[in-house]
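A quick write-up on the structure given underneath.
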Number of protein chains: 2
Amino acid sequence: MLTQVPIRSLAAIQSRKPTSDRAAPVRDPLEVFDLMGSPMTYGANEEIYGEDEPAEFVYKVVSGAVRTYKTLTDGRRQIGAFYLPGDIFGLDVGKQHRFCAEAIGKAVVRIVRRSAVVSLAERDCEAARELWTFTARELYRVQEHMLLLVKSAQQRVACFLLEMSERLADANTVELPMSRQDIADYLGLTIETVSRTMSQLVSESAIDLPSSRHIVLRNRGALRHLNA
Amino acid sequence: MLTQVPIRSLAAIQSRKPTSDRAAPVRDPLEVFDLMGSPMTYGANEEIYGEDEPAEFVYKVVSGAVRTYKTLTDGRRQIGAFYLPGDIFGLDVGKQHRFCAEAIGKAVVRIVRRSAVVSLAERDCEAARELWTFTARELYRVQEHMLLLVKSAQQRVACFLLEMSERLADANTVELPMSRQDIADYLGLTIETVSRTMSQLVSESAIDLPSSRHIVLRNRGALRHLNA
DNA sequence: CGGCGGCTTGATCGGTCTCAAGTACGGTGG
DNA sequence: CCACCGTACTTGAGACCGATCAAGCCGCCG
């Protein structure tokens, strides 16, 4: 559930919206985040929106990281995605969010009204195309995630590390923002299996593990080769 | 790879396109299938398009059923979706198809040029929104599929049967168009596990199995309850 | 220094896969 | 019409991978 805190800043967004709309029409619907949208700060594990909540806002990560997840009927948690700085999330097409969103650590996000984005697309075909492309990228991402879930534990962990290293783009060292439990719930494994598999990758000299959240990719080829 | 056969009918589509565009502008980009698009027939297991092939056409199932799949690096096959009469497939946003498509049995599909659909969206915001909504539904479907793959074998099979019964909408009896192998590759299980699980559902009186492709849902509640 | 949460490691259990027969069904040819 | 065959499906026995249960370890912060 949303705390009281965001309300003030959202009012600010709304008051600024008409101004920027009239002044210089926004063609790229996702560009609005840079023009409008006040930064909002969330604490660790704070909920940004809940499952089945009305999808009133769209979000862009400024700093920190966000996870979206669903709680399964048996109590497990399936993480749908991790969103890192620059990523946009919460843009469900239906009236309600299909997943819940939480800040992983302390996180700053920009917020805009969904209706502002959608109504823009009704007037501007280019903007509508942009929204389509965005959703298509999400579709691509979920397809990859689906394909991940039928692989072996080693393959899943290797894929995850490669994905993170590409998205965080810190050469060969990755500073993971999320816990082992988060990784496990993303990969559809248990925390023990994730931990064991990482240890195994260390013993195979594929990675180094100076600390649990700090990973050095020692042999990308070997990681990629696991998907043989 | 496409056979030579479709080329003739596609020429017919193209020649008819400008006419129908001028006469009565098509607002719904997916409606074009009913106005244009010649029926094409494929034999059992015939490829409709290949993985990584240029996405030149969009398809709508008239009769029969279609599967899309990817061959994994270890040789297994992961089915991404089953498309039944009325369903549209092949509308990838990128330049290439991400999955391969095959007719399951004998199947009839209508074909239109992707460029016709896309260019329509560039002129008509309503059409662009329609495309967005279509991709969003695909996204929803893949998310559900992803969630399916982290469940137990029983849950996966039960979900599959419920999904098929809703889509085929034949009250409580389902005539499956696909083989056990197809089901297994869709659910991320082996053919033996699918078979065993169905036998188990029979012994629990959740379903009847007059023949291997003919399924009677005897106790929907029990099937749903498996996702407890 | 003590305690707590996050992580790792070990031992055992269980569900699904693998390998291997056996069975039912549909089509084909005599 | 029946005998035969091939394919699809079912069933069984054992192996294996990841889950579960249970300690221990490490780093952090009071």
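Lettering follows sequence order; numbering is per chain, from 1.
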- Crowding at CZ, A/Arg218 (>12 non-hydrogen neighbours, <6.0 Å): no
- Query: Once you round it to whole Å, what is the distance between P of C/dG6 and CG of A/Asp182?
  - Reply: 10 Å
- Query: Considering only C/dC7, D/dC9, D/dT20, which nucleotide approaches the side chain of A/Ser212 most closely?
  - Reply: C/dC7
- Item | Minimum-distance nucleotide to B/Ser195 side chain [options: C/dC7, C/dC17, D/dT11] | D/dT11
- Pairing residues for B/Asp182 by the salt bridge (charged side-chain N to carboxylate O under 4.0 Å, His left out) criterion, not counting sequence neighbours: B/Arg67, B/Arg77
- Rounded distance in Å - CG (B/Leu189) to P (D/dC17): 18 Å
- Message: Does a side-chain N or O of A/Arg196 approach OP1 or OP2 of D/dC17 to a distance below 4.0 Å, or not?
- Response: no
- Tell me what B/Leu187 touches on the nucleic acid: a base, only sugar-phosphate, or nothing, going by heavy atoms under 4.0 Å. nothing
- Note on the structure: Against the side chain of B/Arg180, the closest entry in D/dC9, D/dG18, C/dT9 is D/dC9
- Interatomic distance where CD belongs to A/Gln181 and C1' belongs to C/dC7 [whole Å]: 11 Å
- Task: Rounded off to whole Å, could you give me the NE2-to-P distance for the B/His214 and D/dC9 pair?
- Result: 15 Å
- Message: Any salt bridge linking B/Glu144 with A/Arg98? Criterion: basic side-chain nitrogen under 4.0 Å from a carboxylate oxygen.
- Response: yes
- Task: May I ask you to verify if any side-chain N or O of B/Ser199 is less than 4.0 angstrom from the OP1 or OP2 atom of D/dT11?
- Result: yes
- Item | Nearest-angstrom distance from the residue atom CD1 of A/Ile191 to P of D/dC25 | 18 Å
- Message: Heavy atoms only, 4.0 Å cut-off, all strands: where does A/Ser211 land among base, sugar-phosphate and nothing?
- Response: nothing
- Task: Establish, with yes or no, whether the OP1 or OP2 oxygen of C/dC17 is under 4.0 angstrom from a side-chain nitrogen or oxygen of B/Thr190.
- Result: yes
- Using atom CG of B/Asp74 as one end and atom C1' of C/dC17 as the other, report the distance to the nearest whole Å. 13 Å
- Could one point to a donor on the side chain of A/Glu192 or the base of C/dC7 with an acceptor on the other under 3.5 Å away? no
- Under 4.0 Å between a side-chain N/O of A/Arg213 and OP1 or OP2 of C/dC7, yes or no? yes
- Task: Could you check how far CE of A/Met198 sits from C1' of C/dT8, rounded to whole Å?
- Result: 12 Å
- Task: Quick one: label A/Ile183 by what it contacts on the DNA or RNA (base, sugar-phosphate, nothing), any heavy atom closer than 4.0 Å.
- Result: nothing
- Short side-chain N/O contact from B/Thr193 to OP1 or OP2 of C/dC17, under 4.0 Å: yes
- With a 4.0 Å cut-off, would you call A/Glu175 and A/Arg213 a salt bridge? no
- Using whole Å, report how far CG of B/Asn45 lies from P of D/dA8. 8 Å
- Query: Under 4.0 Å between a Lys/Arg side-chain N and an Asp/Glu carboxylate O for B/Arg167 and B/Asp87?
  - Reply: yes
